[in-house]
Protein chains: 2
Amino acid sequence: MANSKLYKGSLNTIILKLLEEGGKMYGYEITQKVKALTKGELHITEGALYPALHKLEAQGLLDVEVAKVDNRLRKYYKLTEQGKKETVNRLAELEEFIRSMEQLLNPKWRIS
Amino acid sequence: MANSKLYKGSLNTIILKLLEEGGKMYGYEITQKVKALTKGELHITEGALYPALHKLEAQGLLDVEVAKVDNRLRKYYKLTEQGKKETVNRLAELEEFIRSMEQLLNPKWRIS
DNA sequence: TTTTATACCTAGAATTCTTATGCATAAGAA
DNA sequence: TTCTTATGCATAAGAATTCTAGGTATAAAA
């Protein structure tokens, strides 16, 4: 099913990871990047993305810088030092979660 | 981090998968099974589990059967026919989500 | 000239989970 | 024997996250 819903809690980790790799990105760019990387499977809604960016900024994990390109506004976000540290944690948690889920999904155990 | 939080949306899939494998299980058994299979990483809270079971039952995905063991009550849940079909869908969605996340996490793309 | 793409935003609703309780019985420890 | 832990169910209030549905504006394409 294309455009599958996000599992709640994953958006922040996605944002942080993209910024870790991409250096600095603006909101709309993030939505397009996720769409491209997942071949349209994951859809980041702007109604979730912008509040999430604002919150990460308020928490001191992101810095913002405004730019004007082609007479249009862009807000570039990048990781702060604290943000870089937190990104490592969030990624570790996500990978741990995925490992746990795979243990549940792979029925090596069968019955009990 | 032990006892990591669930990504919201995953609990129902966990329940359905366990019942698919385990045949019939009761609530407390599910919490213990998840703890065991994930070596304590995932912790299913009862405050989330019981409402989830009731909802799945109301949706016609689970059947319930009450039993008394050692003078204590147990509510055994098992998949209905509809529940078995839905389990296949939910598992496919979860696996798709995990694949998508791995595409985001594995920086084969680097910068842009 | 109308539509689509780019680019930002917010409010309200829905969903899902956590925390904090509560009740009751059985088993184990002190 | 009494206190604690384990077993087994349950709900209510709150927090957190996301979706839906709107809004504004400019540029590019149809």
Side-chain angles (χ1 to χ4, degrees), chain A residues 1-16 24-36 40 42-59 61-62 64-77 90 93-94 97 100-101, chain B residues 1-16 24-36 40-59 62 64-77 90 93-94 97 100-101:
Chain A
M1 213 61 50
N3 277 358
S4 66
K5 310 271 185 189
L6 279 183
Y7 278 68
K8 294 186 185 177
S10 54
L11 177 57
N12 282 332
T13 307
I14 291 174
I15 293 171
L16 293 174
K24 66 180 172 44
M25 300 179 78
Y26 55 99
Y28 187 77
E29 186 183 9
I30 291 176
T31 67
Q32 302 306 304
K33 191 73 182 175
V34 168
K35 196 189 291 182
L42 279 194
H43 180 231
I44 303 296
T45 63
E46 298 186 335
L49 177 63
Y50 289 115
L53 287 171
H54 300 161
K55 190 171 181 184
L56 288 171
E57 186 195 352
Q59 292 171 334
L61 303 183
L62 300 186
V64 67
E65 187 187 338
V66 177
K68 203 160 192 176
V69 179
D70 288 338
N71 204 31
R72 276 201 232 88
L73 205 71
R74 286 182 185 172
K75 286 189 166 184
Y76 280 96
Y77 291 91
R90 303 284 185 101
E93 279 176 23
L94 176 58
F97 172 76
S100 290
M101 289 307 295
Chain B
M1 212 63 50
N3 276 359
S4 67
K5 310 271 184 190
L6 279 183
Y7 277 68
K8 294 187 184 178
S10 55
L11 178 58
N12 282 331
T13 308
I14 291 174
I15 293 171
L16 293 173
K24 67 178 172 35
M25 300 179 78
Y26 55 99
Y28 186 77
E29 184 182 10
I30 292 176
T31 67
Q32 300 306 303
K33 190 72 181 178
V34 169
K35 196 188 292 181
E41 289 298 343
L42 280 193
H43 179 232
I44 304 297
T45 63
E46 299 185 332
L49 177 63
Y50 290 114
L53 288 170
H54 300 161
K55 191 172 181 184
L56 289 171
E57 186 194 353
Q59 291 170 334
L62 301 185
V64 66
E65 187 187 340
V66 177
K68 204 160 191 178
V69 178
D70 288 337
N71 203 33
R72 276 201 232 89
L73 206 69
R74 287 182 185 172
K75 286 190 166 183
Y76 279 95
Y77 291 90
R90 303 285 185 98
E93 279 175 24
L94 176 58
F97 172 76
S100 291
M101 289 306 295

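It should be emphasised that the depicted structure is a prediction, and the values quoted were computed from it without experimental measurement. Per chain, numbering begins at 1; letters A, B, ... match sequence-line order.
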Nearest heavy atoms of B/L42 and A/S100, plus distance in Å: CG-CB, 3.7 Å
Which atom names give the shortest non-hydrogen contact between B/L49 and B/I44, and what distance separates them? CB-CG2, 3.9 Å
Between B/R74 and B/Y28, is any pair of side-chain heavy atoms under 4.5 Å apart? no
Is there a side-chain contact between A/Y28 and the phosphate of C/dT6, meaning an N or O under 4.0 Å from OP1 or OP2? yes
Among the nucleotides D/dT11, C/dC17, C/dA7, which one has an atom lying closest to any side-chain atom of B/H54? D/dT11
C/dC9, OP1 or OP2 - any side-chain N/O from A/Y50 closer than 4.0 Å? no
I need the CD1-P distance between A/I44 and C/dC8, as an integer number of Å. 14 Å
Taking the side chain as every heavy atom from C-beta outward, state whether A/I14 and B/M101 have any pair of such atoms under 4.5 Å apart. yes
Give one of base, sugar-phosphate or nothing for A/G47, where a contact means two heavy atoms less than 4.0 Å apart. base
About how many Å separate OH of B/Y77 and CG of B/L16, when rounded to the nearest 0.5 Å? 13.0 Å
Find the distance A/L56:CG to D/dT18:P and express it as a whole number of Å. 10 Å
Does C/dT16 have OP1 or OP2 under 4.0 Å away from a side-chain N or O of B/K55? yes
Where each pair must be Watson-Crick or G-U wobble with both distances under 3.5 Å, what dot-bracket representation of DNA chain C is obtained, with crossing pairs in [ ] and other-strand partners as |? ||||||||||||||||||||||||||||||
Which atoms form the tightest heavy-atom contact between B/K24 and B/E29, and what is the distance? O-OE1, 4.2 Å
Provide, to the nearest angstrom, the distance between the CD atom belonging to B/E46 and the P atom belonging to D/dA13. 19 Å
Quick one: which of C/dT16, D/dC19, D/dC9 gets closest to the side chain of B/K8? C/dT16
Side chains of B/L56 and B/Q59: closer than 4.5 Å at any heavy-atom pair? yes
Residue-phosphate contact under 4.0 Å: B/T45 side-chain N/O, C/dT18 OP1/OP2: yes
Between D/dG8 (C1') and B/K24 (NZ): distance, integer Å: 16 Å
Remember a base hit wins even if backbone is also touched, and classify B/T31 as base, sugar-phosphate or nothing at under 4.0 Å, heavy atoms. nothing
Minimum side-chain heavy-atom gap A/T13-A/F97 below 4.5 Å: no
When you get a sec, tell me which of C/dA7, D/dT17, C/dT6 is the closest nucleotide to the side chain of A/N12? D/dT17
From the options C/dC17, C/dC8, C/dT6, select the nucleotide whose nearest atom is closest to the side chain of B/S10. C/dC17
Should B/Y26 be listed as having a side-chain N or O under 4.0 Å from OP1 or OP2 of D/dG8? yes
Using whole Å, report how far CD of A/Q32 lies from P of C/dT4. 16 Å
Here the distance between atom P of C/dC9 and atom CG of A/L49, to the nearest Å, is 9 Å
Is there a side chain to side chain contact (heavy atoms under 4.5 Å, CB included) between A/K68 and A/V66? Walk through the geometry before answering. CA-CA 7 Å; A/K68 203 160 192 176; A/V66 177; over 6 Å; no
Find the distance B/L53:CG to C/dT16:P and express it as a whole number of Å. 14 Å
Please state whether the rings of B/Y76 and B/Y26 are parallel, tilted or perpendicular, taking 30° and 60° as the class boundaries. perpendicular
CG of B/L6 versus C1' of C/dT19: gap in Å, rounded? 14 Å
Here the residues of residues 66-75 of chain A within 4.0 Å heavy-atom distance, strictly under, of DNA chain D are A/D70, A/N71, A/R72
